[in-house]
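This is the structure I want to talk about, given as structure tokens.
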Amino acid sequence: DRQSILRAKAYTGQDFLKRARLRDKEWYEELKASRHRASIKGRESQSTARHSERRKNLLKALENLLSRPTRPIRITYAALGKLAGLTRLQALLEVKADPKLLRAVHDANDSKISRQLEWAVRTLLAEGAPFGARQVFQKAKLPSTPSTAPLVKRLIEVEAKSHKRRGIRR
């Protein structure tokens, strides 16, 4: 009788459930509770899978932004979201919910100046003209500061040595 009620519900709507609610209240309450638990469980697994997929896409987007050959930029939630196919708010919530992803975004933004200086040195080397620290700062569009000047000198030395080893003159 109960199985026929469940089968008939698909064909005739809520009438059979109304009668079951009146005739067998205990069975109806158990049926309602089990369906509720199943729907919550299904929604939770879908939500977990969705968040996992979004975080994976955000990590790929971050790697994409960091590996671009153009001048490095600050990593924003809008830029991450755009590359991952999410809105700025969705990207923000996903990044804030994942400590590893949050740390990666903060580290990328903390290293922005050094990435810009490295990019400037690589670009100037590719152009082939001789250059010094001043040209690197101009190319990177950054001011020379006590903390960045030694970094530029070191980058120039390292790149010059690697180019000499490869037989390339600057």
Side-chain angles (χ1 to χ4, degrees), residues 31-170:
L31 173 70
K32 204 166 68 170
S34 70
R35 285 189 174 179
H36 182 70
R37 283 191 302 271
S39 71
I40 288 175
K41 196 177 209 180
R43 277 185 266 147
E44 285 175 350
S45 65
Q46 288 174 350
S47 177
T48 303
R50 185 179 341 105
H51 289 299
S52 175
E53 185 65 27
R54 283 179 177 177
R55 289 175 186 162
K56 205 181 313 178
N57 290 342
L58 285 168
L59 192 56
K60 286 179 186 175
L62 179 62
E63 290 169 359
N64 184 338
L65 283 172
L66 293 176
S67 65
R68 286 185 173 174
T70 58
R71 185 175 184 269
I73 59 169
R74 184 174 190 280
I75 307 299
T76 64
Y77 298 117
L80 279 175
K82 184 176 182 181
L83 283 176
L86 303 171
T87 66
R88 183 195 66 78
L89 183 60
Q90 287 171 326
L92 170 94
L93 294 174
E94 292 298 333
V95 168
K96 296 285 185 180
D98 186 355
K100 281 175 39 179
L101 192 54
L102 181 63
R103 183 79 253 153
V105 170
H106 283 298
D107 289 346
N109 284 331
D110 289 345
S111 69
K112 182 185 85 156
I113 291 175
S114 63
R115 288 186 296 119
Q116 287 175 334
L117 292 170
E118 289 169 10
W119 167 81
V121 169
R122 281 193 313 269
T123 304
L124 289 168
L125 281 170
E127 291 172 359
F131 62 90
R134 189 170 140 253
Q135 287 81 11
V136 172
F137 284 114
Q138 286 176 341
K139 186 73 170 179
K141 297 179 183 171
L142 294 171
S144 176
T145 64
S147 62
T148 57
L151 176 63
V152 169
K153 287 179 185 174
R154 186 180 55 79
L155 286 171
I156 292 171
E157 289 171 5
V158 168
E159 287 297 326
K161 285 179 186 175
S162 73
H163 270 57
K164 283 181 185 176
R165 271 189 251 127
R166 287 184 264 160
I168 300 172
R169 290 186 175 176
R170 51 167 209 132

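Every value quoted in this text rests on a predicted model; they were computed, and no experiment measured them.
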Just do the side chain to side chain contact (heavy atoms under 4.5 Å, CB included) check on Leu142 and Thr148 with the steps written out, would you?
CA-CA 9 Å; Leu142 294 171; Thr148 57; 6.0 Å; no

Gap between atom NE2 of His51 and atom CG of Leu93 - 0.5 Å precision:
9.0 Å

Whether over 12 other heavy atoms sit under 6.0 Å from Leu155 CG
yes

Interatomic distance, NZ@Lys141 vs CD@Gln116, rounded to 0.5 Å, equals 10.0 Å

If you round to the nearest 0.5 Å, how far is NZ of Lys112 from CG of Asp107?
15.5 Å

Using 0.5 Å steps for rounding, measure from the CG atom of Leu117 to the CD1 atom of Ile156.
9.5 Å

Does any non-hydrogen side-chain atom of Leu92 lie less than 4.5 Å from one of Lys96?
yes

Pro146 and Pro150: which non-hydrogen atoms are nearest, and at how many Å?
O-CD, 3.2 Å

Mind listing the side-chain donor-acceptor pairs of residues 70-85 below 3.5 Å, one per line with the distance, residues two or more places apart or on another chain?
| from | atom 1 | to | atom 2 | distance (Å) |
| --- | --- | --- | --- | --- |
| Arg71 | NE | Ala140 | O | 3.2 |
| Arg71 | NH2 | Ala140 | O | 2.6 |
| Thr76 | OG1 | Ala79 | N | 3.1 |

Can you tell me how far apart CZ (Arg115) and CG (Asn109) are? Round to the nearest 0.5 Å.
7.0 Å

Is there a donor-acceptor contact under 3.5 Å from the side chain of Thr123 to the main chain of Trp119?
yes

Listed by chain and number, what are the side chain to side chain donor-acceptor pair (under 3.5 Å) partners of Glu127, not counting sequence neighbours?
Lys139

To the nearest 0.5 Å, how far apart are CG in Leu151 and NZ in Lys153?
11.5 Å

Within the distance-only criterion (no hydrogens, no angle test), does the side chain of Glu157 pair as donor or acceptor with the backbone N or O of Arg154 below 3.5 angstrom?
no

Test side-chain contact (heavy atoms from CB on, under 4.5 Å) applied to Gln90 - qualifying residues, sequence neighbours left out:
Arg54, Leu86, Thr87

